[in-house]
Amino acid sequence: MNKYGLICILALVISGCGGSDGGGSSVSKTPVEQALDTGDASLVEEPNELIEASVSLVEEYKSDYTEIKRQLSVASDGTVLSNLHWDPTHDTAIITPTYGFNDAILKTNKAMISGYEDQELVIGVAGFQSNGTRYAALASNPFRTQQRFPESVNPEMETWLLNLVSWVSGSNDKPQNIVLAQMDQSHYFPDDGATRKWLTENNLGLTSINADDQCDGQKLSQCIADKPDLLIISQKLNSGDDIDSVLDGVRLAFEQKIPVLYLHLDGGMTELGNELFSLMNITYVGDNYWRKLGLTNWDSTHLIDQVPESIALQQELLKKFHDESFTVNLQKCDDKSCSDASLMADQFYPAAQSIQQHLTALDKNKVDLFATSDYQYEKLLILLADKYRQDVSFPMDKESTRTIDFLKSYYSDYTLYHSRELNATQPDLGNFSTKSFKDIERLNKTVQMESKRNFRSAGVYVIPGQTFKVTRVDQNSVATSIVINSLRSGATHEFSTDGYARPKFLTSTSYRVEPGETISLTSAYGGTVQVHFDTNDIDVELRFENIAQHPIWRSDNDNESFVAQLAEAKFDWAELITPGFEVHSKLEKMQESVSPANWAKPEDMAAATEKYVHDLPHALAGFEGPGITNIQEIHQYGKDQGWEIQTIDIVKHMNADQATCGYGCSGNPYDAYWNFNPLGHGDLHELGHGLEKSRLRFSGWDGHSTTNYYSYYSKSRYYADEGAVSACQGLDFKGQFELLQQSRLEADPNAFMAAQNQTSWSWGARVYIQMMMSTQNQNVLNNGWHLLGRLHLIEREFNRLKSSDELWNTRKGTIGFASYTREEANDLNNDDWQLVALSYVSEHDMRNYLDMWGFSFSDKAKEQVAGLNLNEMPLNYFASSNQGYCLDEFAVKPVSINGTNSWPLN
């Protein structure tokens, strides 16, 4: 037994070490072996057994691949090959092996042209199929490069290549019956002839080498049926070749244990190349064209006894779990991040993130690891997480929870896998889900949807630990993917006080479902199902099996059932779905939303959501699209100028749950701690973050100064529509007015106002609201809020025109920037841009008006505005109570800024 406590019976996982009784029966399988076969971690009593099996497996792999590398690294006379040279040219691929299937046998170490960076990247891989068949792949064809450039390969490299052919062939005898397939024969890529020539010169293939193209395409399987000693293949697909026939031939070779040597053509990938790499578990990284890498003075022995860096990191992590030897200090972590002093970046994150990245790639490709005898290493990582997951108890705190317990749970968060039949429920899901689902009805449901980017709720719920199936019924052309949950990982604040109160990564990766395809997934957490699309307005039909029905509102048909299900409270989650906006809410928050204190009827809340969350804010931002009102003062104005009006056609989302940042955090979805309210300032504020433009901020203004107009506008329209108040933020108009009046008594009013250095969000909001009121008062707009819509239009048109000289030179006059070159336009600061743009869309000269606020502008910008020949905007201020600007006090009480007028309101 070594320091990890390995014993023979655990080593059976890899190679077996016991024996049989007198009757010849095999030793019964160990618990670890049974867990690997079934995916059931409960069969293993102690988690450390899985870690010990992983250690043993890594040692076994290292031994196997070390033996390959030793055979490649020594000449027949015992000389070590320590000075290899090969310039594979830029027509080379960069590739990577897949751990457990193959390993790197050749790496670059030198940029072959000066000016490029030296890098160590893989260009040679060797491994075994599950039945023991040997194969190897080189990322270029050394026989081609040697023929075209004789100095590209040195004698030691020649010997290494002979060793490679010998190892792949699996015999001390040189392969005499060789099949060449899918090899190019062209000026730049004379692969067939060069390979044939090299084999002949080295007394290989003396019995038989097929003629060029004689074993390509449909003919390959027959050539393989003749049992050659070696198949050498590339990725060239000739006219008339059937790719499936080639793949059938290669599969037949592997099945009949005929070794395969793959020699890559060019630096890119063909369809055939992609499929062959998949068969050999090789990953294409990229083209060597921009790297110019090769190897020179390369010692082939330096790969011996190596384990991939990521595996070494992961093994160190597992060892720390096994020995409980972490020295991390979680108290040096805050909210969602850890300082260097915590040592998390040394002892946990790199390994955990590499595991997560690797498993996510396999999971996304819907590889059921436990349905195959392969992927033993990955299975052990997953089973360990499964085992740890059963003992998680939330909430945890970085100070009071044992570090080892905290990190075991954290590891299980990083090591998720859904593409399997058995994925035991995590018993404690913290504040994400408290229900047992014991009495919840399992059902099948067909869901018909119209695709919308980026995603839509399917309206069904995954039960934790229960395998569900999704069948794509339709045959339409739209990429469709399944995702479990919509929550952002940042909403779990694991390093806050008692903040580790739920799993970290509640939202799964995405699983593509092709027309006619059925996929199966199992989640340890459960949750709502979201469907992601890559394009809009395509009918999609999905058949779900073994799911549940949580509270969901889609239409008036759901009015009564939705309210009833909210009251029954059998689920922790509920969703309200409208055409342009979806709410994914914790149950108790939805119960608050749909209540007499807020919206007594879900249909009323849904209608308000469509109008005040989806329609009006996007209309104010100058967008057209489904469900968005076409406002004449915005959209028709832009069309009259010849401007392009941008269409927006995506669904936006809110997670009423926990916020990623602050008390609410922007994004799509945005998330918040509060319950959703379509007229809630917080909801409209977070939506506003997705609409605002930084160009509309004057120098130094706070980032939130442009965020809230969309909220104010919806609230003002609600008051106009319903005569009901939805309280706006309180803004101190009186204080701002009095400061402006005071400035008029100063020798230099502009300098006085500039010295106030007013840059807060509240100040900026009042400045813009005053400009909106002024524009309405001057009868330019019936509704002054629409000034913002015009600014959005001119901002987008400005960006569009300055994208090319032709557009700018022919159209710049249509946005008021006729005197600017495209270069000057690209260099414009926000202040100068706003002076010109505001003047143009308000149809008034804004120079003196903006000077009143303390802003300064370049002579160029002021001359441009002068050239527009507009009437001056009067120096008025509009009185309003703190919230009256959203009600009936918008642009109704103008007061001249002259230094003497008093505030007209009590």
key: Residues T301 and K69: side-chain donor-acceptor under 3.5 angstrom   = no

request  = Could you tell me whether the side chains of T145 and W86 share a donor-acceptor contact shorter than 3.5 Å?
outcome  = yes

I233, N238, D216 screened by side chain to side chain contact (heavy atoms under 4.5 Å, CB included) with V246, the one that passes = I233

inquiry  = Between H322 and E52, is there a side-chain donor-acceptor contact under 3.5 Å, judged purely by atom types and distance?
reply    = yes

ask   = Partners of S354 by side chain to side chain contact (heavy atoms under 4.5 Å, CB included), sequence neighbours excluded?
value = S310, Q314

inquiry  = Testing the 3.5 Å rule here: is there a donor-acceptor pair between the side chains of S508 and H418?
reply    = no

ask   = Could E120 and K110 be called an ion pair, given the rule that one side-chain N must be under 4.0 Å from one carboxylate O?
value = no

ask   = Which of parallel (below 30°), tilted (30 to 60°) and perpendicular (above 60°) describes Y414 and F348?
value = perpendicular

inquiry  = Ignoring hydrogens and geometry beyond distance, is a side-chain donor-acceptor pair present between D184 and S234 at under 3.5 Å?
reply    = no

query = Can you check whether W167 and F128 have ring centres sitting under 6.0 Å from each other?
reply = yes

ask   = So does E60 pair up with K62, basic N to acidic O under 4.0 Å?
value = no

inquiry  = Does K292 qualify as a cation-pi partner of Y289, given the criterion of NZ or CZ under 6.0 Å from the six-membered ring centre and within 45 degrees of its axis?
reply    = yes

query = Is it true that the side chains of N102 and Y65 contain a donor and an acceptor less than 3.5 Å apart?
reply = no

query = Roughly how far apart are I243 CD1 and L272 CG, rounded to 0.5 Å?
reply = 5.0 Å

ask   = Do L381 and L318 have side-chain heavy atoms sitting under 4.5 Å apart?
value = yes

SB check D305 R70 (cutoff 4.0 Å) = yes

request  = Mind checking side chain to side chain donor-acceptor pair (under 3.5 Å) for E59 and listing every partner two or more places apart, or none if nothing turns up?
outcome  = none

task = For K379 and Q376, test the side chains for any donor-to-acceptor distance below 3.5 angstrom and give the result as yes or no.
result = yes

message = Does any part of the side chain of L138, heavy atoms only, come nearer than 4.5 Å to the side chain of P142, both counted from C-beta?
response = yes

query = Centres of the F326 and F321 rings: under 6.0 Å?
reply = yes

ask   = Does any donor atom in the side chain of E151 or Q146 lie under 3.5 Å from an acceptor atom in the other side chain?
value = no

query = Is it true that R420 and D368 make a salt bridge, defined as a side-chain N closer than 4.0 Å to a carboxylate O?
reply = no

task = Check whether the side chains of Q182 and D241 place a donor and an acceptor atom closer than 3.5 Å, and report yes or no.
result = yes

inquiry  = Quick test of your reading: applying disulfide (SG to SG under 2.5 Å), list the pairs with at least one residue in residues 61-101, sequence neighbours left out, ordered by first then second residue.
reply    = none

task = Please determine if K197 and E201 form a salt bridge, counting it only when a charged side-chain N lies under 4.0 Å from a carboxylate O.
result = yes

query = So, T108 versus Q119: side-chain donor-acceptor pair below 3.5 Å or not?
reply = no

query = Are D103 and Y61 close enough that a side-chain donor and a side-chain acceptor fall under 3.5 Å?
reply = no

message = Tell me if a side-chain donor or acceptor on N202 pairs with a main-chain N or O of W198 at a distance below 3.5 Å.
response = yes

key: Approximate separation, where rounding is to 0.5 Å, of E46 CD and I51 CD1   = 10.5 Å

message = Between F277 and H264, is the ring pair (Phe, Tyr, Trp, His ring centres under 6.0 Å) condition met? List the steps.
response = CA-CA 10 Å; F277 272 27; H264 196 69; 5.8 Å; yes

key: Centroid-centroid distance, Y116 to H90, less than 6.0 Å   = no

request  = Go through the side-chain N and O atoms of S481 and S510 and say whether any donor and acceptor fall under 3.5 Å apart.
outcome  = no

